[in-house]
Amino acid sequence: MNLKALSLTLSCAFFLGSIHLPATAQTHSPATVTPTFTFERMIPPPQKDAIPLGTGPQTPDVTEEDWFRMNGDINVRNVSAATLTPFLPAPDKATGTAVIVAPGGGFLGLAIENEGFAVARWLSEHGIAAFVLKYRLVPTPGNFDVFTREMVAGRSGKPSSLRPPSDTPGFARDDGLAALTLVRSRAKDWGIDPTRIGMMGFSAGAFTTLTTALEAKPGERPAFIAPIYGRLTSKAVPKDAPPMFAVLAADDHFFARQGSDLVDAWMQAGRPVEFHLYQNGGHGFGLGKPGTTSVGWTESFMIWLQANGFLKAR
């Protein structure tokens, strides 16, 4: 896929963690079906537990962070200061395992509820300490009306100024690395085994997860990674790459037709890998889209963690 086509793919994927298109929209070209969008500004939720990562703004011109609902789901854009929000399990449930959760949104925004907070709450309820990574993003227009107009144009197949990067920006990778460092440094405070800190990402968050894992220094990579409905094209896989649990739906209209060479590359490197290709679920199904087979991935993930020794008693 050339750079122009990839940019369009990511532009279409922008905020898809919080968009669920009807079945007809998933089986016709964007030129014949126009998705419906609703936007609503909102007051930022309390973030008293959010821990600044101190990685700084990525550009001199910092646009104010903007929280809003799109089609009812909470999103945030123009993030210039990365944070990490802990969701710790009850002491009697804690396993000592931790997961850094990276929401998706094409690096232009974050579907922070559907692919962040909701996932973290689920993990903590299952004894896993979760940390939602609000990583830095490519700036979008400060004017909300301009932003929504450009957003709808891009999603409708029309020219748009919203052009996400072709792969993980360096600042998002740096935020992922900083998050790993922070969780390891406070592992004792949070009752975490520093050798069992993994990372999970959705869509663009899966890109961030994979890039963070592969570009971390040897010995500093996550203990395991879980790219959920991310691009699975091949990459160079080091011999110490972490075990990988990958998930994709066969009707994902962005990445399913790009193949799964990344899984093959993991196998060729001799590293543990498990790949679930679900019949349906589309893109952006979060913890699972009701009525589709994608609802099974969370249970499979827990089985995989247990089988690989990541849920052993502390």
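Values below: every heavy atom of this structure, side chains too, minus hydrogens, waters and symmetry copies.
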**Q** Does atom CD of Q47 have more than 12 heavy-atom neighbours from other groups under 6.0 Å away?
**A**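 Atom CD in Q47 is crowded, with more than 12 foreign heavy atoms closer than 6.0 Å.
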**Q** Could you go through N75 and M70, starting from their C-alpha distance and side-chain angles, then the distance that decides it, and tell me whether this counts as side-chain contact (heavy atoms from CB on, under 4.5 Å)?
**A** CA-CA 7 Å; N75 290 267; M70 187 171 71; 3.8 Å; yes
**Q** Flag this pair as yes if the NZ/CZ of R69 is under 6.0 angstrom from the six-membered ring centre of F39 and inside a 45 degree cone about the axis; otherwise no.
**A**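 Judged by the rule, R69 and F39 form no cation-pi pair.
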**Q** Which pair of non-hydrogen atoms, one from P159 and one from A153, has the smallest distance, and what is that distance?
**A** O-CB, 3.6 Å
**Q** A side-chain contact here means heavy atoms from C-beta on lying under 4.5 Å apart; do W266 and P243 qualify?
**A**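 The answer is no, as the side chains (C-beta and beyond) never meet within the 4.5 Å cut-off.
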**Q** Does the ring center of F285 lie less than 6.0 Å from the ring center of Y229?
**A**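 Yes - the distance between ring centres of F285 and Y229 falls below the 6.0 Å cut-off.
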**Q** Establish, from distance only, whether the side-chain atoms of N280 and T293 form a donor-acceptor pair under 3.5 Å.
**A** yes
**Q** Say you draw a straight line from OG of S300 to CD of E274; how long is it, rounded to the nearest 0.5 Å?
**A** 7.0 Å
**Q** For A250 and L277, which heavy atoms make the closest approach, and how far apart are they?
**A** N-CD1, 3.7 Å
**Q** Under a plain distance cut-off of 3.5 Å, with no hydrogens placed, do T97 and D193 share a side-chain donor-acceptor pair?
**A**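 No - no donor-acceptor pair under 3.5 Å links their side chains.
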**Q** Can you confirm whether or not the ring centre of F301 sits under 6.0 Å from the ring centre of H276?
**A** no
**Q** Would K134 and D175 count as a salt bridge (charged side-chain N to carboxylate O under 4.0 Å, His left out) here? Give the steps.
**A** CA-CA 9 Å; K134 189 178 72 174; D175 293 345; over 6 Å; no
**Q** Strictly under 6.0 Å, is that where the ring centroids of F131 and W190 end up?
**A** yes
**Q** Could you check T140 against N78 for side-chain hydrogen bond (donor to acceptor under 3.5 Å, both in side chains), going step by step and ending with a plain yes or no?
**A** CA-CA 6 Å; T140 55; N78 291 335; 3.0 Å; yes
**Q** Compare every heavy atom of P86 with every heavy atom of I51, then report the nearest pair and how far apart it is.
**A**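 Looking at all heavy atoms of both residues, the closest pair is CD1-CG, 4.0 Å.
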**Q** Between the main-chain N or O of G104 and the side-chain N or O of S203, is there a donor-acceptor pair closer than 3.5 Å?
**A** no
**Q** Give the intermediate values and the outcome of side-chain contact (heavy atoms from CB on, under 4.5 Å) for residues R136 and D174.
**A** CA-CA 9 Å; R136 290 172 292 170; D174 292 346; 4.0 Å; yes
**Q** Taking R221 for the side chain and P242 for the main chain, is one N or O donor matched with an acceptor at less than 3.5 Å?
**A**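 Pair absent, no side-chain N/O of R221 close to backbone of P242.
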**Q** Taking the side chain as every heavy atom from C-beta outward, state whether I225 and M200 have any pair of such atoms under 4.5 Å apart.
**A**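 They are not in side-chain contact.
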**Q** Test salt bridge (charged side-chain N to carboxylate O under 4.0 Å, His left out) on D167 and K235 and set out the steps.
**A** CA-CA 12 Å; D167 209 333; K235 287 183 177 288; 3.4 Å; yes
**Q** Would a 4.5 Å heavy-atom cut-off, applied to side chains only, mark M244 and P227 as touching?
**A**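 Touching, per the 4.5 Å side-chain cut-off.
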**Q** Is the shortest side-chain heavy-atom distance between M302 and I128 below 4.5 Å?
**A**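 Side-chain contact under 4.5 Å: yes.
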**Q** Angle between ring planes, F117 versus W67, binned at 30° and 60°: parallel, tilted or perpendicular?
**A**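 The arrangement is parallel - the two ring planes meet at less than 30°.
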**Q** If you look at every heavy atom in Y135 and A172, which pair is closest and at what distance?
**A**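 Answer, listing the atom of Y135 first, then A172: CD1-CB, 3.9 Å.
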**Q** When the ring planes of W297 and F202 are compared, do they come out parallel, tilted or perpendicular, using 30° and 60° as the limits?
**A** perpendicular
**Q** Any side-chain donor-acceptor pair under 3.5 Å between R173 and T168?
**A**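 Result is no, nothing qualifies.
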**Q** I need the minimum non-hydrogen distance between V138 and P165, along with the two atoms involved.
**A** CG2-CD, 3.8 Å
**Q** How long is the span from the CZ atom in R41 to the CZ atom in F144, to the nearest 0.5 Å?
**A**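 Between atom CZ of R41 and atom CZ of F144 there are 5.5 Å.
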**Q** Roughly how far, to the nearest 0.5 Å, is the CZ atom of R186 from the OG1 atom of T181?
**A** 14.0 Å
**Q** Just verifying a value: how many Å separate L133 CG and L84 CG, rounded to the nearest 0.5 Å?
**A** 6.0 Å
**Q** Are any non-hydrogen side-chain atoms of L137 and L108 less than 4.5 angstrom apart?
**A** no
**Q** Say you draw a straight line from CZ of F275 to CG of L232; how long is it, rounded to the nearest 0.5 Å?
**A**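 Reported value, rounded in 0.5 Å steps: 5.5 Å.
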**Q** Any side-chain heavy atom of I197 within less than 4.5 Å of one from P222?
**A** no
**Q** So do L214 and P238 actually touch side chain to side chain, heavy atoms under 4.5 Å?
**A** yes
**Q** Please report the closest heavy-atom contact between P103 and A111, naming both atoms and the distance.
**A**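 In this case the closest contact between P103 and A111 is CB-O, 3.8 Å.
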**Q** Show, in sequence, the C-alpha distance, side-chain angles and deciding distance for F107 and F171, and conclude whether the ring-ring contact (aromatic ring centres under 6.0 Å, His included) test is met.
**A** CA-CA 10 Å; F107 299 109; F171 50 79; 7.9 Å; no
**Q** Following the transitive rule for hydrophobic clusters with a side-chain heavy-atom cut-off under 4.5 Å over Ile, Leu, Val, Met, Phe, Trp and Tyr, establish whether V295 and W122 coincide in one cluster.
**A**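 No, separate clusters.
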**Q** Taking the side chain from T208 and the backbone from A204, do they hold a donor-acceptor pair closer than 3.5 Å?
**A**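 A pair under 3.5 Å: yes.
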**Q** Can you find a pair of side-chain heavy atoms, one from L123 and one from H126, that are under 4.5 Å apart?
**A** no
**Q** Under a plain distance cut-off of 3.5 Å, with no hydrogens placed, do Q258 and T233 share a side-chain donor-acceptor pair?
**A** no
**Q** Determine whether F245 and M267 fall in the same hydrophobic cluster, where Ile, Leu, Val, Met, Phe, Trp and Tyr are linked whenever their side-chain heavy atoms lie under 4.5 Å apart.
**A**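 Yes, F245 connects to M267 through the hydrophobic network.
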**Q** Linking I/L/V/M/F/W/Y whenever any side-chain heavy atoms sit under 4.5 Å apart, do F68 and F37 land together?
**A** yes
**Q** side-chain contact (heavy atoms from CB on, under 4.5 Å) between V76 and E65: does it pass, once the steps are laid out?
**A** CA-CA 7 Å; V76 61; E65 188 173 290; 3.6 Å; yes
**Q** Please answer whether the main-chain N or O of T38 pairs with a side-chain N or O of N71 as donor and acceptor at a distance below 3.5 Å.
**A** yes
**Q** With a 3.5 Å distance limit and no angle check, can you tell me whether S294 reaches the backbone of K289 through a side-chain donor-acceptor pair?
**A**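 Yes.
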**Q** Could you go through E220 and R184, starting from their C-alpha distance and side-chain angles, then the distance that decides it, and tell me whether this counts as side-chain contact (heavy atoms from CB on, under 4.5 Å)?
**A** CA-CA 10 Å; E220 297 181 5; R184 286 194 183 110; 4.1 Å; yes
**Q** Check the hydrophobic clustering (I, L, V, M, F, W, Y; side-chain heavy atoms under 4.5 Å; chains of links allowed) and say if I100 and F87 are grouped together.
**A** yes
**Q** I'd like to know if the side chain of D240 and the backbone of P218 have a donor-acceptor N/O pair within less than 3.5 Å.
**A** no
**Q** Would you say L177 and I192 are hydrophobically clustered, going by side-chain heavy atoms of ILVMFWY under 4.5 Å?
**A**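 No, because L177 and I192 fall into different hydrophobic clusters, even though each may have its own neighbours under 4.5 Å.
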**Q** What's the separation between atom NE2 in H283 and atom CG in L248, rounded to the nearest 0.5 Å?
**A**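 Going from NE2 on H283 over to CG on L248, the span is 9.0 Å.
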**Q** Would you call the rings of F310 and F224 parallel, tilted or perpendicular, taking 30° and 60° as the class edges?
**A** tilted
